[in-house]
There are 2 protein chains.
Amino acid sequence: MRARKSGNALHEAVREEIARRVQSGEFDPEVPLPSAASLAEEFNVSLITTKRALRDLQSAGILRSVPGLGTFVREQRRFIRNLDLSLTSMDDARRLGFTPSIQLISITREKMKDLSFDVLSIPSEPMLCVRKLVLADDIPIMFDTAFITKPLSDSVVDEFGTKFIYQALADNDSPVTATRLMIDAAPASPEVQQHFAVPNGYPALRRAYEFKTSDPSLKVFGCAESPFDRLACTFDLPPAD
Amino acid sequence: MRARKSGNALHEAVREEIARRVQSGEFDPEVPLPSAASLAEEFNVSLITTKRALRDLQSAGILRSVPGLGTFVREQRRFIRNLDLSLTSMDDARRLGFTPSIQLISITREKMKDLSFDVLSIPSEPMLCVRKLVLADDIPIMFDTAFITKPLSDSVVDEFGTKFIYQALADNDSPVTATRLMIDAAPASPEVQQHFAVPNGYPALRRAYEFKTSDPSLKVFGCAESPFDRLACTFDLPPAD
DNA sequence: GAGTGGTCTAGACCACCCT
DNA sequence: GGGTGGTCTAGACCACTCC
């Protein structure tokens with residue numbers, strides 16, 4: 001080592017050499033990488049420099065460290081979701097070749113945090129709030145926080161925790177009539193960090209949404225977050241003009 | 001200090017206390033924060049722990065450090081781009097209230113890197129490659145890499161470097177007839193790190209695209225990347241079904 | 001008990017910017 | 001020259017997992 005490849009920093013050179021080995025398929029995802037101590041010895045750098053490189057590779061979604069076990073190559077399996085929203089029910093998902101499931105996290109009543117989305121006109125009063133984790137083939141792919149503007153019966157609320165929102169609304173005679181979406185990237189929220197076991201600052205894809213329904217007093221606001229390596233969105237556009 | 005608020009780590013407690021002060025508007029964006037050394041003294045932690053907290057806040061887009069000058073609050077000014085692609089020319093941009101400009105970075109001939117986007121059918125042979133930086137009100141907001149499948153005259157190539165691609169194609173009798181988009185998040189690429197002065201691992205919003213034109217042999221593939229705090233996309237959807 | 005990653009420390013050197 | 005952030009080092013302790 002001591003090559004100082006790209007920039008100038010030692011930890012960058014170490015990081016890139018490890019990244020190169022990962023990309024070349026040198027490591028079995030089931031088997032831990034050589035320990036930080038042995039890598040430090042091999043590269044002839046201090047332990048803490050190697051740890052710095054390994055930590056940055058975690059932030060980049062390339063590695064995954066488990067205390068007491070070791071550091072592993074992070075397996076990539078990303079789901080592509082089409083924004084035309086054909087995927088609105090469990091059946092749609094299964095038709096696309098994976099088995100979805102929903103894990104209800106909490107149902108509360110609270111105010112929606114201002115996400116500085118001037119794009120959506122978010123009410124300031126407390127609303128019903130449903131948080132859930134959506135999994136595909138038992139792999140968590142998105143964390144969803146939804147706020148409902150209108151009080152609903154318990155049985156309907158339960159449906160929000162077990163179905164996609166589109167489906168739950170349609171099943172209760174209030175189909176979605178319009179959708180406003182805002183897509184951005186953001187560092188993983190504390191909830192995402194927890195549920196996906198990703199470090200602070202991990203890039204996440206965020207979709208903030210507003211559903212209007214046939215009932216003018218019933219709207220749904222929400223935000224779906226996914227670690228960048230778990231979900232991407234596609235969209236086809238007609239010609240401009 | 002020594003509170004160990006959220007998780008357990010000291011650097012997290014320091015990070016969150018500094019973040020709290022930033023959010024509360026305690027610091028003038030023009031004036032550097034107290035130095036890492038003085039913060040370490042105030043919090044009664046080691047210098048390196050404070051530096052760790054400051055570095056993580058940089059990765060989160062909250063702070064910005066300039067060697068020799070100090071650490072500053074990162075000013076937030078984000079542009080919202082509507083995915084309906086109404087923004088396809090300089091005029092459109094001006095109509096939306098900002099002054100766009102384009103800075104040509106390079107024109108080369110090279111193979112397109114495989115971005116593991118199975119979504120787009122990317123040719124494997126070398127293509128014309130145009131890299132440019134798009135600015136809004138003199139603030140860089142996106143880094144664009146475009147690959148053109150067909151050899152073009154020099155004058156047309158020059159237009160790609162100074163106009164939005166939609167406009168350049170329309171002006172040369174090959175209007176875009178269909179667009180395929182893939183949106184995801186990703187850690188900032190080396191080019192983005194360089195042009196936007198963001199650290200390794202900084203979350204970025206990425207739009208990979210494929211333009212088809214009226215000329216079947218002329219397609220444009222590309223990827224536009226923006227640091228997460230610079231750009232977001234909105235979209236309105238009609239009712240499903 | 002041995003190995004792992006995560007954290008914290010003190011101390012040092014460098015490049016950079018300002019006066 | 002004196003301040004700043006960035007990097008690198010050696011050494012230590014902890015919680016965790018596995019045997």
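Chain A is the first sequence line, chain B the second, and so forth, proteins listed ahead of strands; every chain is numbered from 1.
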**Student:** Ion pair present between E16(A) and R20(A), side-chain N to carboxylate O less than 4.0 angstrom?
**Tutor:**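 R20(A) and E16(A): not salt-bridged.
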**Student:** Taking CG from L47(B) and P from dC8(D), how many angstroms apart are they, rounded to a whole number?
**Tutor:**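 Going from L47(B) (CG) to dC8(D) (P), I get 16 Å.
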**Student:** Output yes when a side-chain donor or acceptor of E110(A) lies under 3.5 Å from a complementary backbone atom of P126(A), and no otherwise.
**Tutor:**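 Side chain of E110(A) to backbone of P126(A): no pair is present.
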**Student:** Taking only N/O atoms, report every protein-nucleotides 1-3 of chain D pair under 3.5 Å with atom names and distance.
**Tutor:**
from   : atom 1 : to     : atom 2 : distance (Å)
dG3(D) : N2     : G68(B) : O      : 3.3

**Student:** Scan side-chain atoms only and decide if R207(B) and S226(B) contain a donor-acceptor pair under the 3.5 Å cut-off.
**Tutor:**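 Side-chain D/A pair, R207(B) to S226(B): present.
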**Student:** Give the rounded distance in Å between these two atoms: CG of L10(B) and C1' of dG6(C).
**Tutor:**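 So the CG-C1' distance, L10(B) to dG6(C), works out to 13 Å.
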**Student:** Measure CZ/R64(B) against C1'/dC16(C) and give the value in whole Å, please.
**Tutor:**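 Taking CZ of R64(B) and C1' of dC16(C), I get 15 Å after rounding.
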**Student:** Rounded to the nearest angstrom, tell me the gap between atom CD1 in I18(B) and atom C1' in dG5(D).
**Tutor:**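 Atom-to-atom, I18(B) to dG5(D), this comes out as 14 Å.
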**Student:** Rounded to the nearest Å, what distance is computed from the CG atom of residue L39(A) to the C1' atom of nucleotide dT4(C)?
**Tutor:**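 Distance, rounded to whole Å: 13 Å.
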**Student:** OP1 or OP2 of dT7(D) sitting under 4.0 Å from any side-chain N/O of T49(A)?
**Tutor:**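 So the side chain of T49(A) is outside the cut-off, no N or O lying under 4.0 Å from OP1 or OP2 of dT7(D).
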**Student:** So, does R52(A) get its side chain near the phosphate of dC8(D), meaning an N or O under 4.0 Å from OP1 or OP2?
**Tutor:**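 No, no such contact exists.
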**Student:** Do the side-chain N or O atoms of Q58(A) get closer than 4.0 angstrom to the phosphate oxygens (OP1, OP2) of dG5(C)?
**Tutor:**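 No, no such contact exists.
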**Student:** For F221(B) and Y209(B), what are the C-alpha separation, side-chain angles and deciding distance, and is it a ring pair (Phe, Tyr, Trp, His ring centres under 6.0 Å)?
**Tutor:** CA-CA 6 Å; F221(B) 294 89; Y209(B) 54 82; 8.7 Å; no
**Student:** Between R15(B) (CZ) and dT7(C) (P), how many Å, whole number?
**Tutor:**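 Result: 10 Å.
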**Student:** Going from CG on D144(A) to CG on L133(A), what distance comes out if it is rounded to the nearest 0.5 angstrom?
**Tutor:**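 That separation rounds to 10.0 Å.
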**Student:** Among dT9(C), dT7(D), dT9(D), which is the nearest nucleotide to the side chain of H11(A)?
**Tutor:**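 The listed nucleotide nearest to H11(A)'s side chain is dT7(D).
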**Student:** Are any of T71(B)'s side-chain N or O atoms less than 4.0 Å away from OP1 or OP2 of dG5(D)?
**Tutor:**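 Yes.
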**Student:** F72(A) has an atom CZ; how far is it from atom C1' of dT17(D), in whole Å?
**Tutor:**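 F72(A) atom CZ is separated from dT17(D) atom C1' by 10 Å.
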**Student:** Nearest heavy atom decides the nucleotide; on that basis, is A36(B) or I48(B) closer to the 5' end of DNA chain D?
**Tutor:**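 Comparing both residues, the 5'-ward one is A36(B).
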**Student:** Short question: side chain of D137(A), backbone of I139(A) - any donor-acceptor pair under 3.5 Å?
**Tutor:**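 No: the side chain of D137(A) does not pair with the backbone of I139(A).
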**Student:** Over how many whole Å does the gap from D56(B) atom CG to dG6(C) atom P extend?
**Tutor:**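 Going from D56(B) (CG) to dG6(C) (P), I get 13 Å.
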**Student:** Report the nucleotide, chosen from dT9(D), dC8(C), dG5(D), that has the shortest atom-to-atom distance to any side-chain atom of A9(B).
**Tutor:**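 Nearest listed nucleotide: dC8(C).
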**Student:** Taking only the side-chain nitrogens and oxygens of R55(A), find out if one of them lies under 4.0 Å from OP1 or OP2 of dG6(C).
**Tutor:**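 Looking at the OP1 and OP2 atoms of dG6(C), neither is under 4.0 Å from any side-chain N or O of R55(A).
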**Student:** Sequence neighbours excluded, which residues qualify as side-chain contact (heavy atoms from CB on, under 4.5 Å) partners of T145(B)?
**Tutor:**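 C129(B), R131(B), F143(B), F147(B).
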**Student:** Below 3.5 Å, does any donor atom in the side chain of K51(B) face an acceptor in the base of dG5(D), or the other way round?
**Tutor:**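 No, no donor-acceptor pair under 3.5 Å.
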